[in-house]
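One is the number of the first residue; the rest follow in order along the sequence.
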Amino acid sequence: MSHLCLVRHGQTDWNIEGRYHGQSDIPLNENGRAQAHLLAQQLIGQSFAAIYSSDLHRARETAEIIARVSHLPVSLESRLREIDQGEWEGQLVEEIKARYAGLWQERIVDPINVRPPNGETVGEVATRVYTALDDIARLYPVSKVLISSHGLTLATIICKVRGISIGQAYTLIPGNAEPIWVDWE
């Protein structure tokens with residue numbers, strides 16, 4: 001069983017604005033970098049065997065800041081990316097609710113299977129993320145591993161380890177640069 005420290009990337013300007021990031025490659029803002037530095041200090045002495053990160057800039061930069069203190073390389077893993085929000089990426093949540101009212105309601109009813117136009121479903125995210133974590137756990141079966149990723153991606157992991165439906169993922173999105181420890185078998 002791997003002991004994982006799940007970390008959502010530090011804050012971005014789009015977080016403040018309420019925009020959907022999806023797989024848009026948005027950098028951390030100054031506060032996000034400060035959050036990552038503070039988290040790195042909090043994690044000193046954790047003896048991670050490895051650090052894995054989504055290849056998107058905001059997660060990668062968060063992981064790299066932590067890695068400097070942990071003296072470990074960062075392994076990039078594209079399967080740890082955020083959900084592909086398709087046409088919703090870069091839009092404000094309120095704009096999406098107004099412009100795609102019917103589809104938004106469908107997603108509320110069936111959050112696992114309804115996809116944004118040209119995007120990805122929560123079920124598809126969970127499948128790719130769980131496969132990535134299985135591969136990482138095989139490499140580090142009894143070790144601590146840091147995973148730097150994204151809100152919904154991490155929420156699907158939290159659902160799995162707590163034994164609840166991934167339909168609840170949108171309610172379990174962790175805060176920016178907030179560590180959550182889980183065991184992955």
Student: Within this structure, what is the CZ-CD distance for the pair R33 and Q11, rounded to the nearest 0.5 Å?
Tutor: 11.0 Å
Student: At what distance, to the nearest 0.5 angstrom, does NE2 of H150 lie from CG of L56?
Tutor: 4.5 Å
Student: Does V125 belong to the same Ile/Leu/Val/Met/Phe/Trp/Tyr cluster as I180, with side-chain heavy atoms less than 4.5 Å apart forming each link?
Tutor: yes
Student: Please say yes or no: joined through hydrophobic side-chain contacts below 4.5 Å, possibly via intermediate residues, are V69 and I65 part of one cluster?
Tutor: no
Student: Side chains of D84 and Q23: donor-acceptor distance under 3.5 Å anywhere?
Tutor: no
Student: For the residue pair S143 and A49, what are the closest heavy atoms and their distance?
Tutor: CB-CB, 3.6 Å
Student: Can a donor-acceptor pair be found, under 3.5 Å and without considering hydrogens, that links the side chain of K144 to the backbone of Q46?
Tutor: yes
Student: Applying side chain to side chain contact (heavy atoms under 4.5 Å, CB included), run through K160 and L133 and close with a yes or a no.
Tutor: CA-CA 11 Å; K160 172 91 170 178; L133 290 186; over 6 Å; no
Student: Can you find a side-chain donor-acceptor pair between N176 and Q35 that sits under 3.5 Å?
Tutor: no
Student: Grab the two heavy atoms, one from V129 and one from L80, that are nearest each other, plus how far apart they are.
Tutor: CG1-CD2, 4.5 Å
Student: Can you tell if the side chain of S53 reaches within under 4.5 Å of the side chain of T62, non-hydrogen atoms only?
Tutor: no
Student: Between R162 and Q168, is any pair of side-chain heavy atoms under 4.5 Å apart?
Tutor: no
Student: May I ask you to decide if A59's main-chain N or O and S148's side chain share a donor-acceptor pair within less than 3.5 Å?
Tutor: yes
Student: Is the number of heavy atoms from other residues, nucleotides or ligands within 6.0 Å of CD (E185) greater than 12?
Tutor: no
Student: Strictly distance-based, threshold 3.5 Å: is any side-chain N or O of R8 a donor or acceptor partner for the main-chain N or O of G175?
Tutor: no
Student: Dump the intermediate steps for side chain to side chain contact (heavy atoms under 4.5 Å, CB included) on N29 and I16, then the final yes or no.
Tutor: CA-CA 10 Å; N29 60 23; I16 296 169; 3.5 Å; yes
Student: Rounded to the nearest 0.5 Å, what separates atom OG1 in T127 from atom CZ in R79?
Tutor: 12.0 Å
Student: Treating Q85 as the side-chain partner and H21 as the backbone partner, does any N or O pair qualify as donor plus acceptor under 3.5 Å?
Tutor: no
Student: For the CZ atom of R128 and the OG1 atom of T156, what is their distance to the nearest 0.5 Å?
Tutor: 8.0 Å
Student: For Y140, is there any backbone N or O sitting under 3.5 Å from a side-chain donor or acceptor partner on S2?
Tutor: yes
Student: Verify the distance criterion only: is there a donor paired with an acceptor across the side chains of N15 and T12 at less than 3.5 Å?
Tutor: yes
Student: Under a 4.5 Å side-chain heavy-atom rule over Ile, Leu, Val, Met, Phe, Trp and Tyr, are L6 and L139 clustered together?
Tutor: yes
Student: Do V93 and I108 share a hydrophobic cluster (ILVMFWY, side-chain heavy atoms under 4.5 Å, transitive)?
Tutor: yes
Student: Within the side chain of T153, is there an N or O that forms a donor-acceptor pair under 3.5 Å with the backbone of R81?
Tutor: yes
Student: If you compare all heavy atoms of E178 against all heavy atoms of P174, which two are closest, and at what distance to 0.1 Å?
Tutor: OE1-C, 3.9 Å
Student: Where is the tightest heavy-atom contact between L103 and P116, given as atom of each residue plus distance?
Tutor: CD2-CA, 4.2 Å
Student: Using the side chain to side chain contact (heavy atoms under 4.5 Å, CB included) criterion, which residues pair with I96? Sequence neighbours excluded.
Tutor: Y20, W88, Q91, Y100, W104
Student: D25 side chain to H57 main-chain N or O, any donor-acceptor pair under 3.5 Å?
Tutor: yes
Student: Indicate yes or no: does R60 engage E64 in a salt bridge with an N to O separation below 4.0 Å.
Tutor: yes
Student: If every non-hydrogen atom of I166 is compared with every non-hydrogen atom of G123, which pair is closest and at what distance?
Tutor: CD1-CA, 3.7 Å
Student: About how many Å separate CD of E30 and CG of D13, when rounded to the nearest 0.5 Å?
Tutor: 9.5 Å
Student: Counting C-beta onward and ignoring hydrogens, is there a side-chain heavy-atom pair between E82 and R58 closer than 4.5 Å?
Tutor: yes
Student: Other than L43, what residues sit in its cluster of Ile, Leu, Val, Met, Phe, Trp and Tyr side chains whose heavy atoms are under 4.5 Å apart, directly or through others?
Tutor: V7, L39, F48, I51, I66, L72, V74, L76, L146, W181
Student: If you round to the nearest 0.5 Å, how far is CG of D135 from OH of Y130?
Tutor: 15.0 Å
Student: With clusters defined by side-chain heavy atoms of hydrophobic residues (ILVMFWY) lying less than 4.5 Å apart, directly or transitively, does Y170 cluster with I157?
Tutor: yes
